[in-house]
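Heads up, the thing below is written out as structure tokens.
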Amino acid sequence: MAQIRLDKYLADSGQGTRTEVKQKLKQGRVRVNDVVVKKPEMKIDPSEDSVSIDGRSLVLEEFQYYMLNKPAGVVSATKDDRDKTVIELIAGDKRRDLFPVGRLDKDTEGLLLITNDGVLSNNLLAPGKHVEKCYLAKVQGRVTETEVERFKEGLDIGDEKPTAPATLIIEESGDESWVRIIITEGRYHQIKRMFEAVDMKVLYLKRLSMGALELDESLELGEYRRLTDEELRSLKGE
Ligand code: URA
């Protein structure tokens, strides 16, 4: 493993922000190979050097994976001048390199994977992989078999190409309808635009799953948890 700065290593290991870990270094609480080190800029090799804080050895976790139940009103970005971001919901900003895998609109709720694993993210988002995403939607208007067929055929939503076949499952049909939609693409405002193409309006949207990963319904809006080993394995297709 390459050499990294001690303060970055400590922050990446979940020991606090850079400022907090600098404080801990100053207080003489950090040892590298059993010697107290106070310099944040010291370079260490995590595969060679042993680092401890308050006598506890640290192990660098290269990747972290969180499932967030995204609330409405929060943007799927790492930084934003105006709005709160999904990364700010991950308490204590555990790592500085976390990012959301794909985007949900500001008013969309539900499953969002937050990680620093770029390879997994690319695999889940690559158009060629056709990873299924399932959403629950409340729609203005009566959804019928006509819409089910049109979603299956693919819709012209104003892009170069029509959408790939999507599965629409009607749960309740009335003046307002509840449906589940399964899509394999991730175009901008895709589901809202698909309903617009059949002259309907999405009133509420929540993502329920992405590939093998399903939203843990015990998470309240805004809550998150780490993925279990099993969830991670199935998401990676192992
Ligand atoms: N489709 C949308 O229109 N919005 C989302 O947030 C996700 C899918």
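Ligands are counted one by one from 1 in listed order, and the atoms in each one are counted from 1 as well.
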| message | Given 3.5 Å as the limit, does a donor-acceptor pair link the side chain of K24 with the main chain of G28, or not? | response | no

| said: Please check if the number of heavy atoms outside E238 that lie under 6.0 Å from its CD is greater than 12. | reply: yes

| query | Is there a nitrogen or oxygen of R193 sitting under 3.5 Å from a nitrogen or oxygen of ligand 1? | reply | no

| remark: For T108, the atoms of ligand 1 under 4.0 Å from one of its heavy atoms are 4 (N), 5 (C), 6 (O)

| request: Could you tell me whether E185 and R187 make a salt bridge, using a distance below 4.0 angstrom between a side-chain N and a carboxylate O? | output: yes

| said: Counting neighbours of CZ on R193 that are heavy atoms of other residues, nucleotides or ligands and sit closer than 6.0 Å, is the number greater than 12? | reply: yes

| task | Give the residue and atom name of whichever protein heavy atom lies nearest to atom 4 (N) of ligand 1, and the separation in Å to one decimal. | result | D105 OD2, 2.7 Å

| said: Pairs of nitrogen or oxygen atoms closer than 3.5 Å, one from H189 and one from ligand 1: do any exist? | reply: yes

| request: Verify the neighbour count for atom CD of E214: are there more than 12 heavy atoms of other residues, nucleotides or ligands below 6.0 Å? | output: no

| task | Check L205 against ligand 1 and report side chain, backbone, both or neither, counting heavy atoms closer than 4.0 Å. | result | side chain

| message | Going by ring-ring contact (aromatic ring centres under 6.0 Å, His included), name the pairs with one or both residues in residues 128-169, residues two or more places apart or in two chains. | response | F151-F195

| task | Run the numbers for me: atoms of ligand 1, each under 4.0 Å from some heavy atom of Y135, listed by number. | result | 7 (C), 8 (C)

| task | Looking only at distances, please establish whether an N/O atom of ligand 1 is found under 3.5 Å from an N/O atom of I191. | result | yes

